[in-house]
Amino acid sequence: MKTIDELLSEGVAGRRVFVRADLNVPLDGTTITDDGRIRAVLPTVEALAAAGARVVVASHLGRPKGAPDPAFSLAPAAARLGELLGADVAFATDTVGESATSTVAGLTDGQVAVIENLRFNAGETSKDDAERGAFADRLAALADVYVGDGFGAVHRKHASVFDLPARLPHYAGHLIATEVGVLKKLTEDVKRPYVVALGGAKVSDKLAVIDELLDKADRLLIGGGMAYTFLKAKGYEVGKSLLQEDQLPAVREYLERAEKSGVELVLPVDTLVSGEFPDLKTKAPAHPATVAADAIPADQEGLDIGPETRKLYASKLADAATVFWNGPMGVFEHPDYAEGTKAVAQALTDSRGFTVVGGGDSAAAVRTLGFDEQAFGHISTGGGASLEYLEGKTLPGLAALED
């Protein structure tokens, strides 16, 4: 695929460049609680603006139902982008209507505009090719060139991600070029030992990537809510812990495959339990108890890996040459259940290997828990996209950028 460096060498002064970014930031009302995704697209926007392009930034935010919804407006993201750029950023209050048309028409060389949430138009996410195409046609009228830089959306077959690049000269932005380069390090000529740490709530979200990694990784460390389905598959009592009983046959198969293939599939040896889920708003003390992984009381719920598991996982990560981590080890939003996630993050920062934090809740946890982002090899902006790439799937947004 062609990259933004090639576009810049061709010259962009005076040209309208449509940048499909990922500004899908978490909001508390209108307050952005994590601006990581906005900062991730800065290098692309800054380079284009400095070269004299008229930059039109577009993104989705949340899951509005194909119509305007003030709760999902991109206005806060546009304001934050302006703060980070140190320049005024114009904001269009629609996607392809009068405001977008006039806002883009009013740009001068080097200026930046953000158009409203793409998902306010039903054509963005439609499964009907004609409806998506019609929306893509109207978006294409706003620009002369397309730059894809919203890595967190490249696994979606949406109008601005998949259909629009076919209508304009297209290039990969700095972020997508970086993300793809990192993922190739996890799939091609991987330096070993290759250790993967997987957490998060549901094992069903990770089945496909586990299936793929059982043939590629040297070790798989399992934590988070998904670990309890693995423990149940081994015949352990898991109490009130999160459990996906319908996934037990698949998990048993993976345990057998790992043993036969010599892949270390490492499960918690102890866990923090409580009789009730913690209050994440007040963060009132939860007073959890620590029990062995095979001795969870029937009336208790596992909410984080225990201290012995933290030590075990740190030791399994210590000699890794390549690490991929996706999913927290527990309910990290509450301080009493954050130590497992913190231990894995710390092990990555201590590692001499190439470490990748696979976006989503893992990236949020790294920031929430106060880690220096520069201490990791790479923090991805797209959890779902990263997982689907590792699963070997073709990602629509990347396929659309290929020549």
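These numbers come from a predicted model, not from an experiment.
Donor-acceptor pairing under 3.5 Å is recorded for the side chains of Thr349 and Gln346. Side chains of Gln244 and Ser204: a donor on one and an acceptor on the other come within 3.5 Å.
When each of Arg15, His170, Glu10 is paired with Val145, the side chain to side chain contact (heavy atoms under 4.5 Å, CB included) condition holds for Arg15 and for no other. The one candidate from Lys206, Lys216, Arg257 that meets the salt bridge (charged side-chain N to carboxylate O under 4.0 Å, His left out) condition with Asp211 is Arg257. Each of Asp144, Val104, Ile115 was scored for a side chain to side chain contact (heavy atoms under 4.5 Å, CB included) with Phe18, with one residue passing: Ile115.
Asp270 contributes a side-chain N or O that, together with a main-chain N or O of Glu308, makes up a donor-acceptor pair within less than 3.5 Å. Remark: side-chain polar atoms of Asp361 are not paired, donor with acceptor, to backbone N or O of Pro328 under 3.5 angstrom. Not a single donor-acceptor pair under 3.5 Å links the side chain of Thr290 to the backbone N or O of Leu272. The closest donor-acceptor contact from the side chain of Asp149 to the backbone of Leu175 lies under 3.5 Å. Using modelled atom types, no side-chain atom of Tyr228 and backbone atom of Lys240 make a donor-acceptor pair closer than 3.5 Å. Listed for the Asp279 side chain is a donor-acceptor partner under 3.5 Å among the backbone atoms of Thr282. Listed for the Asp109 side chain is no donor-acceptor partner under 3.5 Å among the backbone atoms of Ala53. Checked by atom type and distance alone, the side chain of Asp336 pairs as donor or acceptor with a backbone atom of Ala286 at under 3.5 Å. A donor-acceptor pair under 3.5 Å is absent between the side-chain atoms of Ser126 and the main chain of Gly123, judged by distance alone. With hydrogens and angles disregarded, no donor-acceptor distance shorter than 3.5 Å links the side chain of His158 to the backbone of Ser160.
Interatomic distance, CZ of Arg54 versus CG of Leu48, reported as 14.0 Å (0.5 Å rounding). The structure places OH of Tyr337 at 5.0 Å from CG of Leu303, a figure rounded to the nearest 0.5 Å. To the nearest 0.5 Å, the span separating CD on Glu212 from CD on Glu388 amounts to 12.5 Å. Remark: Thr381 OG1 to Glu179 CD distance equals 4.0 Å, nearest 0.5 Å. The CG atom of Leu61 sits 8.0 Å away from atom CZ of Phe120, with the distance rounded to the nearest 0.5 Å. Distance check: Lys185 NZ to Phe354 CZ gives 4.5 Å after rounding to the nearest 0.5 Å.
Closest approach of Leu267 to Tyr313, counting heavy atoms only: C-OH, 3.1 Å. The two residues Ala320 and Val195 make their nearest non-hydrogen contact at CB-CG2, 3.6 Å. For the pair Ile176 and Ala172, the tightest heavy-atom approach, listed with the atom from each and the gap, is CG2-CB, 4.0 Å. Closest of all the heavy-atom pairs between Ala58 and Leu118 is CB-CD1, 3.9 Å. The heavy-atom pair separating Ala21 from Val41 by the smallest distance is CB-CG2, 3.8 Å. The nearest pair of heavy atoms linking Ala51 to Leu8 is CB-CD2, 3.8 Å.
Residues Asp22 and His60 meet the side-chain proximity criterion, which asks for heavy atoms closer than 4.5 Å. Inter-residue side-chain proximity for Thr229 and Leu248 is flagged as met; some heavy-atom pair is nearer than 4.5 Å. Within the 4.5 Å cutoff, the side chain of Thr341 has heavy atoms near those of the Trp325 side chain. Using a 4.5 Å heavy-atom threshold, the side chains of Leu23 and Arg37 count as separate. When side chains are defined from C-beta on, His174 counts as touching Asp5, because their heavy atoms get closer than 4.5 Å. Side-chain contact between Phe371 and Leu348: absent, with no pair of heavy atoms (C-beta onward) separated by less than 4.5 Å. Between Thr322 and Arg192, every side-chain heavy-atom pair lies at or beyond the 4.5 Å cut-off. Side-chain contact check for Thr271 versus Val291: some heavy-atom pair is nearer than 4.5 Å.
For Asp137, the salt bridge (Lys or Arg N to Asp or Glu O under 4.0 Å) test picks out Arg167, with sequence neighbours left out. Legend: residues meeting salt bridge (Lys or Arg N to Asp or Glu O under 4.0 Å) with Glu301, ordered by chain and number and at least two apart, are absent. Take Asn121 and apply the side-chain hydrogen bond (donor to acceptor under 3.5 Å, both in side chains) test, not counting sequence neighbours, and it matches no residue.
In summary, Arg20 and Glu124 engage in a salt bridge, as defined by a charged side-chain N under 4.0 Å from a carboxylate O. Under a 4.0 Å N-O distance rule, the pair Asp319/Arg219 qualifies as a salt bridge.
For Asp88, the CG atom counts as loosely surrounded, since its 6.0 Å shell holds 12 or fewer non-hydrogen atoms of other residues, nucleotides or ligands. Counting heavy atoms of neighbouring residues, nucleotides and ligands inside a 6.0 Å radius, atom NZ of Lys191 does not exceed 12 of them. Heavy-atom neighbours of Glu276 CD from other residues, nucleotides or ligands within 6.0 Å: at or below the threshold of 12. Atom CZ of Arg39 is surrounded by more than 12 heavy atoms from other residues, nucleotides or ligands within 6.0 Å. For Asp372, the CG atom is densely surrounded, since the number of other residues' heavy atoms within 6.0 Å is greater than 12.
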- Check step by step if side-chain contact (heavy atoms from CB on, under 4.5 Å) holds for Ser73 and Phe91. CA-CA 11 Å; Ser73 175; Phe91 181 66; 4.0 Å; yes
- Task: Could you check Thr93 against Glu116 for side-chain contact (heavy atoms from CB on, under 4.5 Å), going step by step and ending with a plain yes or no?
- Result: CA-CA 5 Å; Thr93 56; Glu116 187 54 284; 5.6 Å; no
- Message: Would His155 and Lys393 count as a side-chain contact (heavy atoms from CB on, under 4.5 Å) here? Give the steps.
- Response: CA-CA 9 Å; His155 58 315; Lys393 290 184 178 179; over 6 Å; no
- Message: Determine whether Phe324 and His378 satisfy the following criterion, side-chain contact (heavy atoms from CB on, under 4.5 Å), listing intermediate values before the conclusion.
- Response: CA-CA 10 Å; Phe324 175 73; His378 179 70; over 6 Å; no
